[in-house]
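In what follows, a single structure is set out as structure tokens and then discussed.
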Amino acid sequence: MQLVQKIQTKSALHRVKGRFPYHWDLNIYRGCIHGCQYCFAKYSHNYLNSESFFSNLFVKENIAEILDKELSRRSWKKELVNIGGVTDSYQPIEAEMKLMPEVLKIFIKHRSPVTISTKSDLILRDFDLIRELASVTDVNIAASITTPNENIRKLIEPGASTTLNRFRMLKTFKELNVTTGLHLMPIIPYLTDKPDDLETLFKMAASCEVDYVITGKLYLRGKTRPHFLSFMRDAYEEAFYKLSKLYNQKNWDDTEQLQMKKKYNQKLNTLLKHLRIKHHLTGVYKKPETIEKIQLKLFE
């Protein structure tokens with residue numbers, strides 16, 4: 001059962017640290033109906049006295065108003081903002097709430113650049129607004145995709161758009177002056193890391209003429225760890241056995257486990273490097289005017 005609660009937020013933009021091409025994050029929802037089994041953001045409900053991240057949704061109904069005030073400050077330097085870093089801005093509830101059009105209008109007003117990553121093709125609803133934004137500033141549109149196998153996708157991302165529809169979305173946005181990218185993450189060891197499947201994703205990304213592909217292996221922490229391992233045990237018993245050995249926290253000093261991790265990472269990284277070169281896809285996100293130069297430098 002889905003519970004939707006409207007809330008008032010005091011701030012729209014949040015400073016983020018790390019090796020990202022952006023330093024600001026904006027999330028219009030808390031909680032996500034996509035129900036991704038590997039979701040790292042389950043911890044964010046700790047502050048809301050809720051355990052139901054996938055069904056208890058909090059809607060920041062005044063987000064556009066607060067964003068307008070923050071972008072109006074003299075101190076705002078039109079830095080790149082990542083929209084939806086914690087929860088997907090285009091999850092199913094957005095079809096009803098329609099908050100993103102108002103948010104995009106604020107970014108257009110202030111000519112501030114954005115990057116949007118989503119698992120949904122609902123973003124195409126706002127195609128014209130994104131076209132307008134791209135005419136005045138830098139825009140990046142990315143699809144987060146994990147597998148070309150729909151049987152697996154339905155289990156690990158039950159509420160998200162199909163993989164094919166996400167690629168179609170990326171291809172559609174090539175009509176605009178935006179950069180597009182594939183966020184191939186998380187790569188789940190022994191489940192979504194099969195060479196043929198990764199080859200298919202890189203091939204599809206190349207056919208959609210994306211500007212880059214960023215990859216990332218499964219990272220388990222907090223509440224995500226027991227939830228995901230329990231899911232794997234029930235749904236993919238054979239893969240769970242191998243994965244649990246790779247992610248066993250009790251044996252951090254175990255030489256055999258460390259060698260196992262090293263061998264696995266080397267094999268995966270070698271494969272990903274091969275696929276990048278084969279399909280002429282960089283792993284570097286940059287602004288529209290510099291992406292071509294980076295590609296030429298990497299593959300000259």
Side-chain angles (χ1 to χ4, degrees), residues 1-17 20 22-36 39-142 144 159-160:
M1 182 177 179
Q2 186 183 119
L3 177 63
V4 178
Q5 301 179 56
K6 294 182 179 180
I7 61 174
Q8 300 293 304
T9 186
K10 295 181 179 179
S11 59
L13 300 176
H14 299 276
R15 191 81 177 179
V16 294
K17 298 179 181 179
F20 304 110
Y22 53 84
H23 300 295
W24 297 96
D25 199 22
L26 182 149
N27 294 282
I28 61 180
Y29 299 105
R30 282 209 175 188
C32 185
I33 310 174
H34 282 162
C36 301
C39 180
F40 72 92
K42 290 169 68 66
Y43 74 92
S44 67
H45 264 30
N46 292 349
Y47 313 104
L48 300 172
N49 297 318
S50 172
E51 295 291 330
S52 305
F53 183 82
F54 298 141
S55 60
N56 195 351
L57 306 179
F58 296 84
V59 181
K60 302 175 184 178
E61 61 177 352
N62 65 330
I63 189 75
E65 176 186 349
I66 299 301
L67 177 65
D68 189 23
K69 292 180 180 179
E70 293 179 349
L71 297 189
S72 296
R73 294 170 181 167
R74 291 184 178 182
S75 60
W76 179 246
K77 299 178 180 179
K78 296 185 179 181
E79 296 179 72
L80 181 65
V81 175
N82 178 42
I83 301 179
V86 179
T87 55
D88 200 317
S89 300
Y90 286 100
Q91 58 177 293
I93 191 66
E94 170 60 16
E96 174 188 346
M97 301 307 300
K98 297 182 175 62
L99 294 182
M100 273 301 292
E102 299 308 311
V103 166
L104 290 170
K105 289 174 185 177
I106 299 301
F107 279 103
I108 292 170
K109 173 183 176 181
H110 295 280
R111 296 171 176 253
S112 278
V114 303
T115 177
I116 307 172
S117 178
T118 180
K119 289 183 172 68
S120 172
D121 58 354
L122 177 60
I123 189 175
L124 290 172
R125 179 201 62 189
D126 298 336
F127 187 85
D128 289 339
L129 282 172
I130 293 173
R131 182 204 301 275
E132 186 176 354
L133 181 59
S135 71
V136 296
T137 190
D138 295 330
V139 176
N140 176 72
I141 304 296
S144 178

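Index from 1, following the sequence. Scope of the values below: all heavy atoms of this structure, side chains included, with no hydrogens, waters or symmetry mates.
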Taking only distance into account, with no hydrogens and no angle test, what donor-acceptor pairs under 3.5 Å do side-chain atoms of residues 72-81 form with protein atoms, sequence neighbours excluded?
unit_1	atom_1	unit_2	atom_2	d
S72	OG	D68	O	2.6
W76	NE1	S112	OG	2.9
E79	OE2	W24	NE1	3.1

Only distances under 3.5 Å count here; give the side-chain donor-acceptor pairs of residues 97-106 to other protein atoms, sequence neighbours excluded, each with its distance to 0.1 Å.
unit_1	atom_1	unit_2	atom_2	d
K98	NZ	A95	O	3.1
E102	OE2	K105	NZ	3.3

Quiz item: Between D88 and T118, is there a donor-acceptor pair closer than 3.5 Å when you use the side chain of the first and the backbone of the second?
Solution: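 Not at all, since once roles are kept as given, no pair shorter than 3.5 Å links the two residues.
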
Quiz item: Taking the side chain from E61 and the backbone from K6, do they hold a donor-acceptor pair closer than 3.5 Å?
Solution: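 Such a contact is absent between E61 side chain and K6 backbone.
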
Could you state the interatomic distance from [atom1] ([X]) to [atom2] ([Y]), rounded to the nearest 0.5 Å?
X: N82; Y: L13; atom1: CG; atom2: CG; result: 11.0 Å
X: N62; Y: I28; atom1: CG; atom2: CD1; result: 12.0 Å
X: E70; Y: L26; atom1: CD; atom2: CG; result: 8.0 Å
X: Y29; Y: I7; atom1: OH; atom2: CD1; result: 11.5 Å
X: T9; Y: I66; atom1: OG1; atom2: CD1; result: 7.0 Å
X: T137; Y: H110; atom1: OG1; atom2: NE2; result: 12.5 Å

4.5 Å side-chain heavy-atom contact, [X] and [Y]:
X: Y22; Y: V114; answer: no
X: I116; Y: I123; answer: yes
X: D128; Y: I130; answer: no
X: C39; Y: H34; answer: no
X: F107; Y: I83; answer: yes

Quiz item: Excluding sequence neighbours, so at least two apart, what forms side-chain contact (heavy atoms from CB on, under 4.5 Å) with E96?
Solution: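 Listed in chain order: I93.
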
Practice problem: With sequence neighbours excluded, tell me which residues meet side-chain contact (heavy atoms from CB on, under 4.5 Å) with S117. | Solution: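 With neighbours one apart ignored, the set is A142, S144, H183.
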
Exercise. Mind running side-chain contact (heavy atoms from CB on, under 4.5 Å) on V86 and R30 for me, showing each step along the way?
Key: CA-CA 8 Å; V86 179; R30 282 209 175 188; over 6 Å; no

Quiz item: Who pairs with R125 by salt bridge (charged side-chain N to carboxylate O under 4.0 Å, His left out), at least two apart in sequence or on another chain?
Solution: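 Partners of R125 by the salt bridge (charged side-chain N to carboxylate O under 4.0 Å, His left out) criterion, ordered by chain and then number, come out as E94.
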
Self-check item: Results of salt bridge (charged side-chain N to carboxylate O under 4.0 Å, His left out) for E132 - residues two or more places apart only
Solution: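 Listed in chain order: nothing, the list is empty.
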
Exercise. Using distance alone, with no hydrogens and no angle criterion, decide if Y90 and D126 have a side-chain donor and acceptor under 3.5 Å apart.
Key: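 Yes, a side-chain donor-acceptor pair sits under 3.5 Å.
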
Quiz item: Do we see a donor-acceptor contact under 3.5 Å between the side chains of N140 and D138?
Solution: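 Distance-only check fails for N140 and D138.
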
Quiz item: Given the rule in the side-chain contact (heavy atoms from CB on, under 4.5 Å) test, do Q8 and K60 qualify, once you have shown the distances and angles that lead to the verdict?
Solution: CA-CA 6 Å; Q8 300 293 304; K60 302 175 184 178; over 6 Å; no

Quiz item: Of the non-hydrogen atoms in I63 and N27, which two are nearest, and what is the gap between them?
Solution: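 Looking at all heavy atoms of both residues, the shortest contact is CD1-O, 4.1 Å.
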
